[in-house]
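Below is one structure, written out as C-alpha cells, with a few remarks after it.
As the structure is a prediction and not an experimental result, all values here were calculated from the model.
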Amino acid sequence: MADDSDLKREQWSSRLAFYFAAIGAAVGFGNVWRFPALCVDYGGGAFFVPYLLALFFVGIPILMLEVGFGQFFQTGDVNVFGGFHPRFRGVGVASVCCGFMLVVYYSMLISWVIHAFFDSFGSDDPWGKEETTGEEAVTYFVNKIIGEETLGPDKRPTRLVWANVGCSALVWTLCFFGTAFGVEWTGRVTYFTMGLPIVLLFVFLIRGVTLDGAELGIKEYIGRWDMSILVTKPDVWSTAVTQIFFSIGVTFGIMTAFGSYLPRGSPVTTNSFVIALSNSMFSFISGFAVFSALGYLAKKEDIAVTDLPYGGFSLVFGTWPVILGGLPGGEHWVRLLFFDLFLLGIDSAFSFNEAISTVVLDTKFFNSTKKWKVHASICLSGWLFSFMYATDTGLTFLDVIDFYINFVMLIVGCFECFAAGWVYGNEKTVEKCGRKAFGSYLCANFGSIALGCGIWFGVGSVWGGFVALICWYAVFFGLSLFFLKQHLGEVESEDQISFKQAIWALTFENIFDLKERIKPVVGWIPSVWCFIIKQFLPHLLIILFINLAQSKTSTGESQFGHYGGYVAWPFQVMGILTWVLTVVVFTVGFALPKVYDPLSLPAGHNALDPDSKAVFVGENAKYPDEAVAEEVEDEEKQISTAEAEVVSAAGSKEVSAMGSKEISAVGSQEVSAVGSAVGSQVVSAAGSQEVSAAGSMEVSAAGSKGSAVVQEAEIKC
C-alpha cells in the first residue's frame with residue numbers, strides 16, 4: 001500500500017470555491033459579445049429553442065462526463081481516458097494541446113483589453129469624446145492598440161507591438177500568481193475575479209435599462225419570436241450547438257482537472273447543472289445590458305438597432321464604450337467596462353493553466369515537482385508563444401487559429417464520448433456477443449453517419465441523406481442481430497445469456513455498467529445520460545465536424561484551407577497545423593500506446609491505491625466493497641469445503657480442521673473444529689448439529705467459543 005502522504009490530493013476549500021472557479025472558466029468574452037448577437041441574428045427569442053436543446057442534450061452531458069471522471073479517477077484528462085484504454089491517452093494529450101493553443105491567443109485578447117484600459121487614461125483615446133462614432137472607435141482600436149496600421153495588403157507581419165508584448169507579460173504573471181499555489185488559493189482568487197464581474201454585470205444592466213430608448217434594444221434582443229427562422233435558416237441548429245459546446249469550456253481538460261480536486265461523493269449532476277445554467281444565465285442577462293444601451297444610441301441617432309454594430313470587436317471596443325463614454329462620467333464607465341472584460345478573461349486563463357499543470361503533476365516524472373515550478377514553465381512558454389499574436393497581424397492570426405480550433409474541439413469531444421460509450425467494456429461486449437456482431441453494430445452506427453453526410457453535404461439532398469442513413473443502419477443492425485444469434489448458438493457455457501440479454505449487452509450494457517461503476521463516487525446520474533453519450537453525441541459531433549469542414553467562403557471555396565480569404569502562408573498553414581497536431585497526438589497514442597507511458601500515474605496515486613474508492617486498473621477496476629465481497633465469498637467457499645472434509649469420516653477417522661487439530665471419531669463423538677476464516681478456516685456449527693456419515697456420527701462445534709471465533713473472522717472479512 002502507498003504511504004498516506006502520497007495519496008493526499010489537494011482539494012477545493014469549499015464547493016462554492018469550485019463553482020466560482022468553474023463558472024469563471026466557462027464565462028468569458030463570448031458571453032458578452034457573441035450570444036446576444038446570435039439572438040438578434042436568429043429570430044430573437046426563437047434562438048432559445050435550439051439553444052436550450054443544445055444546452056441540455058450536448059453541453060451538460062459532456063460536462064458531466066468530464067467533471068465526473070475527473071472526480072472519479074482523481075487525475076487529469078490523459079489518465080482519465082487512459083483509464084478506459086491505454087490507447088486513448090492520446091485523447092487527453094490532444095485536449096491539453098488544444099487548451100494550450102487556445103490560451104496562448106486568449107491571453108493576447110486580455111492583453112489588448114489591458115492596453116486599451118491604460119490607453120483610456122491618455123489624451124488620444126476616442127471613447128470619451130462626444131463626436132466619436134462606434135466605427136471610429138473600432139478603427140482606432142485595430143490600428144493603434146493591435147497595431148495594424150503598418151500592415152501591407154497581404155497582411156503578413158512586419159513588426160512586434162512592444163506594448164502588447166509587455167501587456168502579455170503582465171497577463172501571464174497574473175496567471176502565475178493566480179494558479180501556482182494550489183487550487184485552494186485559486187478558488188479564493190476567483191471569489192474576486194468571478195464575483196466582481198457578476199456585480200458589474202448588474203451595474204451595467206441597471207444603468208442600461210434606465211436609459212431613454214432601452215426598450216427598443218430589448219425588443220430587438222428578446223421581444224421578437226420569429227419561429228420561421230428554425231426552418232428557413234437551418235444553420236441555426238449547428239450555431240446553437242457550437243455556442244453551447246464552446247462557451248461551457250469542455251474538451252480542453254479544464255473541467256476534468258477541476259473535477260479531480262473535488263471530494264468523493266460530490267454530486268456530479270448537481271455540479272454540472274449549476275455550472276452550465278450559471279454560464280447561460282450570465283449570457284442571458286448580458287444581452288439585456290448590451291441591448292438596452294444599444295437601444296439608447298439607436299433612439300438618439302434615430303436609426304434601427306440592427307444598423308448598429310452589435311457583436312464581436314465592434315461591440316465591445318466600438319459601440320458599447322462609445323455609448324458609455326457619452327454618459328455623465330463617461331470615461332470612468334469605459335474603464336469599468338474594460339476592467340470587467342479583463343476579469344472575465346483572466347478567469348478563463350487561470351483554468352487553462354490548471355488543466356495543463358494537473359496533467360503534468362499527475363505523471364510519475366513530475367509528481368514530486370513543486371507546483372509553482374510547473375506553472376512558471378507553462379506561463380513562460382505561453383508568453384513566448386504569444387509573440388506571434390503581439391505582431392501587427394496578431395488579429396489575423398487569432399481569427400484564423402480560432403476558426404481551426406473549432407475542428408480540434410469537435411474531434412476531441414467526439415473522441416471523449418466514443419471512449420466512454422464505445423471503448424469502455426468493449427472486450428466484455430465482444431465476449432458476450434462476438435466480434436462479427438460488435439463490428440456490424442459499429443458499422444451500423446458510424447457507417448450510416450458517413451453515408452448520410454456524404455449525401456447531405458456532397459449531393460445536397462436532405463431527404464436522400466436521411467433515407468440512405470436509415471437503410472444503411474437497418475441493414476447492418478440486422479446483420480449484427482444475425483451474427484449475434486449465430487454466436488449464441490456456438491457458445492455453450494453455464495452463464496449462457498438469452499437473445500434479449502445479448503441485444504442489451506450489444507447496445508447499452510457497457511455504458512450503464514460505467515454509470516454504475518462511478519455512481520458510488522460521483523452520485524446519481526440519470527439514465528438518459530447513457531443514451532446521449534453513446535448513441536447521440538458521437539454521431540452529432542461527426543456531423544458538425546463535416547458540416548464545418550465543407551462550409552463555403554463567399555467565393556464558393558471551402559472554408560478549410562481558404563478561411564477569411566487570407567494567404568496560405570503563414571495563416572492557413574498555421575491554422576491547419578493546429579488540427580493536424582491533434583490528429584497526430586491521438587494517432588500516435590492509439591498506435592503506439594507506450595509512447596505516453598511517461599505520462600502514466602505515479603506509484604501511490606489515489607487511483608492506483610487499493611484503499612481508494614476507485615482502483616485504477618482498467619477493465620478490472622473494482623471498488624473496495626466489491627473486493628471485500630469477493631473475499632468473503634471465497635472464504636465462505638473455503639469454509640464449506642473444510643466442513644465437508646471434516647464431516648466425511650466413515651466409522652472412525654482422523655479429522656484435521658485447518659488449524660492442525662486432530663480429532664478421533666468412533667461411533668458418536670463431539671468434534672470441535674476451530675481455525676481462522678482468513679488464514680486457517682473456522683468450521684462451526686452454532687450450538688450442536690447432527691451429521692449422518694456412514695452410519696451415525698454426531699459432529700458438534702465447540703459451543704460458544706467456536707461461534708465467537710467465527711463472528712470475529714466475519715467482521716475481519
Side-chain angles (χ1 to χ4, degrees), residues 16-40 44-45 48 51 55 110 113 117 120 127 187-223 243 247-249 273-299 305 310-311 315-317 319-348 350:
L16 184 63
F18 163 71
Y19 285 155
F20 269 83
I23 294 168
V27 172
F29 295 138
N31 297 70
V32 175
W33 76 29
R34 188 165 190 261
F35 173 81
L38 290 176
C39 290
V40 176
F48 282 89
Y51 178 84
L55 173 66
I110 306 170
V113 172
F117 174 80
S120 69
W127 296 292
R188 294 189 181 101
V189 170
T190 58
Y191 285 143
F192 172 75
T193 57
M194 186 62 239
L196 186 57
I198 294 173
V199 175
L200 292 178
L201 173 64
F202 283 96
V203 170
F204 287 120
L205 173 65
I206 293 170
R207 189 68 185 97
V209 297
T210 57
L211 294 173
D212 185 31
E215 69 281 358
L216 298 176
I218 294 173
K219 181 180 179 181
E220 200 65 41
Y221 169 53
I222 196 70
Q243 173 63 18
S247 69
I248 292 178
F273 270 83
V274 168
I275 295 167
L277 293 179
S278 297
N279 171 70
S280 295
M281 187 58 65
F282 194 98
S283 298
F284 180 62
I285 297 173
S286 293
F288 286 97
V290 169
F291 276 91
S292 60
L294 290 175
Y296 161 75
L297 184 61
K299 184 172 183 179
V305 172
Y310 53 81
L315 171 67
V316 295
F317 297 114
T319 312
W320 202 8
V322 165
I323 294 170
L324 296 174
L327 301 176
E331 287 210 342
H332 298 300
W333 282 105
V334 173
R335 291 164 191 155
L336 195 62
L337 173 63
F338 290 155
F339 183 62
D340 187 33
L341 291 172
F342 160 74
L343 292 177
L344 289 175
I346 201 68
D347 270 335
S348 298
F350 288 169

Practice prompt. Please examine the side chains of F117 and L341, heavy atoms only from C-beta on, and report whether any two atoms are closer than 4.5 Å.
Written response: no
Check for me whether the distance between the ring centres of F48 and F284 falls short of 6.0 Å. yes
Exercise. For the residue pair Y221 and F35, categorise the inter-ring angle as parallel (less than 30°), tilted (30 to 60°) or perpendicular (more than 60°).
Key: perpendicular
Determine yes or no for a side-chain-to-main-chain donor-acceptor pair under 3.5 angstrom, with N31 supplying the side chain and N279 the backbone.
yes
Side chains of V316 and F29: does their closest heavy-atom pair fall under 4.5 Å?
no
Rounding to 0.5 Å, atoms CG (L324) and CG (L336) come to a distance of 8.5 Å
| query | Does some side-chain heavy atom of S286 sit less than 4.5 Å from a side-chain heavy atom of L201? | reply | yes
Here the gap from F282 atom CZ to M194 atom CE, rounded to the nearest 0.5 Å, amounts to 5.0 Å
**T193 side chain to D347 side chain, donor-acceptor N/O pair below 3.5 angstrom** = yes
* Are any of the side-chain nitrogens in R335 or E331 under 4.0 Å away from the carboxylate oxygens of its partner? -> yes
When rounded to the nearest 0.5 Å, the distance separating OH of Y310 from CG of L38 is 9.5 Å
Rounded to the nearest 0.5 angstrom, the CG-CG distance for L55 and L277 is 6.0 Å
Check: F317 main-chain N/O paired with W127 side-chain donor or acceptor under 3.5 Å: yes
Between the CH2 atom in W320 and the CZ atom in F291, the distance rounded to the nearest 0.5 Å is 11.0 Å
